[in-house]
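Since the structure comes first, as structure tokens, the remarks are kept for the end.
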Amino acid sequence: MHAVLVEKFGGPEVLTLAELAAPDPGPGEVSIDVAYAGVNFAELKARGSGYRVASLPFLPGLEVSGRIRAVGDGVADFRPGQQVAALTSAGGYAEVAVAPARTVFALPDGVSLRTAATLPTVLPTAHALLHEVGRLRAGDSVLVHGAAGGVGTVVGQLARLAGAESVYGVVSSPAKAAHALKAGYDEVFVGDNFDEDVYHATGGLGVDLALDSVGGDTFRRTLEALSPFGRLVSFGNASGAAPWQATQAQLYPGRSVAGFSVLTLAKTEPEALRAIAARAFALVADGSVELPVTAEFPLAEAAAAHRLMETRTTTGKLLLRIAD
Ligand SMILES: NC(=O)c1ccc[n+]([C@@H]2O[C@H](COP(=O)([O-])OP(=O)(O)OC[C@H]3O[C@@H](n4cnc5c(N)ncnc54)[C@H](OP(=O)(O)O)[C@@H]3O)[C@@H](O)[C@H]2O)c1
């Protein structure tokens, strides 16, 4: 089979196409003939600096859609040929991928393999950020960094569906603001003055819930942009800054900070992840939420997909087309 291999950390050029033996599933696993692989910001971090990579060489790719090729011992819920979407801990940029059966999901009715590849990371993440972790209540105001990207595009729609009073996004360009405004956001702040923008938009109150994927100084300023009993959920560190810290003085106005990682939940509480994914996927199946695919590349051009995402001009979801 063909698969993308990384032998040293570096720029997109280290993503090389290799010919490898197709993997077999171990106990509790399935193998999948991959149709599409989603492209995630976390894969850029893995390629560039080894984020969540155990050792080199490694096979990148955290989510796929396709058809079950074979099932390992102890797997009763899937059969060869069945169409699925899956979280893979690695190796999704390949013609054949292996995933633990507990993070494989039967395709919801009416959802194509192409759409299915956009679901496994973003949909449960967006749902958990707002609901299971962020405890969104109708009438809340919400602030979302990276509002036009994969996660941001879904969060805006979910927040609107849940009755948030005001949904504010932060993006790096006017073109991205236009995309976010079509994805549920009431107002989108462009550039780096988001804390002042929040102050003016909320009449000095601050927001009830903020979702931060940037970290560093953005995390610190977002904490200060919360209302007195506001909640901040940290879910990424796109800035590459040192790990954040929150002081008592920052929290004593009654603010709280939580965190979320879909990859951690997949390892520690896969049943909880399945429950969240079922709730989130149902909203795609019934048409309440859409995650547009804005760029698609063949497997051999995975480096071009990474280059494009690194330009910070992309909106929605990027895919690798492998076999559909
Ligand atoms: N914790 C979880 O479970 C989880 C799951 C999925 C994704 N994530 C995180 O959520 C974020 C979005 O992921 P995605 O895969 O959907 O990607 P994406 O949003 O489609 O693309 C990357 C995003 O990062 C922002 N960005 C890029 N470089 C940046 C930088 N140097 N500083 C600040 N922001 C930068 C861009 O927004 P602007 O250009 O508009 O600033 C863009 O929205 C990433 O940080 C990712 O690691 C976390």
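Computed from a predicted structure; not experimentally measured. Just follow the structure's listing: the first ligand is 1, and inside any ligand the first atom is 1.
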Heavy-atom nearest option to [atom], drawn from [options]:
atom                    : options                        : value
atom 12 (C) of ligand 1 : Asp192, Val151, Leu263, Val133 : Val151
atom 9 (C) of ligand 1  : Phe41, Phe260, Phe235, Tyr51   : Phe235
atom 32 (N) of ligand 1 : Arg312, Met309, Lys176         : Arg312
atom 5 (C) of ligand 1  : Thr125, Asn237, Thr153         : Thr125

Should we count [atom1] of [X] as having more than 12 external heavy atoms under 6.0 Å?
X      : atom1 : answer
Glu95  : CD    : yes
Glu165 : CD    : no
Phe9   : CZ    : yes

At less than 4.0 angstrom from any non-hydrogen atom of [X], what atoms of ligand 1 do you find?
X      : answer
Val262 : 2 (C), 3 (O)
Gly146 : 37 (O), 43 (O)
Val171 : 40 (O)

- Query: Based purely on interatomic distance, does Ser172 place a nitrogen or oxygen under 3.5 Å from a nitrogen or oxygen of ligand 1?
  - Reply: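 By distance alone, the answer is yes.
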- Query: Any nitrogen or oxygen of Ala42, main chain or side chain, under 3.5 Å from a nitrogen or oxygen of ligand 1?
  - Reply: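 Between Ala42 and ligand 1, no N or O pair is found under 3.5 Å apart.
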Looking at side-chain heavy atoms only, is the closest gap between [X] and [Y] below 4.5 Å?
X      : Y      : value
Leu113 : Gln83  : yes
Val170 : Val188 : no
Lys317 : Asn40  : yes
Leu129 : Val133 : no

Closest approach of any protein heavy atom to [atom], naming residue and atom:
atom                    : answer
atom 19 (O) of ligand 1 : Gly149 CA, 3.2 Å
atom 20 (O) of ligand 1 : Gly150 N, 2.9 Å
atom 11 (C) of ligand 1 : Ser213 CB, 3.7 Å

- Message: Using every non-hydrogen atom in the two residues, find where Thr88 and Ala99 come nearest and quote the distance to one decimal.
- Response: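 Closest approach of Thr88 to Ala99, heavy atoms only: CG2-CB, 3.9 Å.
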Check for me whether [X] has a heavy atom closer than 4.0 Å to any atom of ligand 1.
X      : result
Ala148 : no
Val122 : no
Val214 : yes

- Task: Could you check whether the rings of His306 and Tyr93 sit parallel, tilted or perpendicular, using 30° and 60° as the cut-offs?
- Result: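 The arrangement is perpendicular - the two ring planes meet at more than 60°.
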- Okay, side chain of Thr153, backbone of Ala148: is any donor-acceptor separation there less than 3.5 Å?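 Checking the backbone N and O of Ala148 against the side chain of Thr153, a donor-acceptor pair under 3.5 Å is found.
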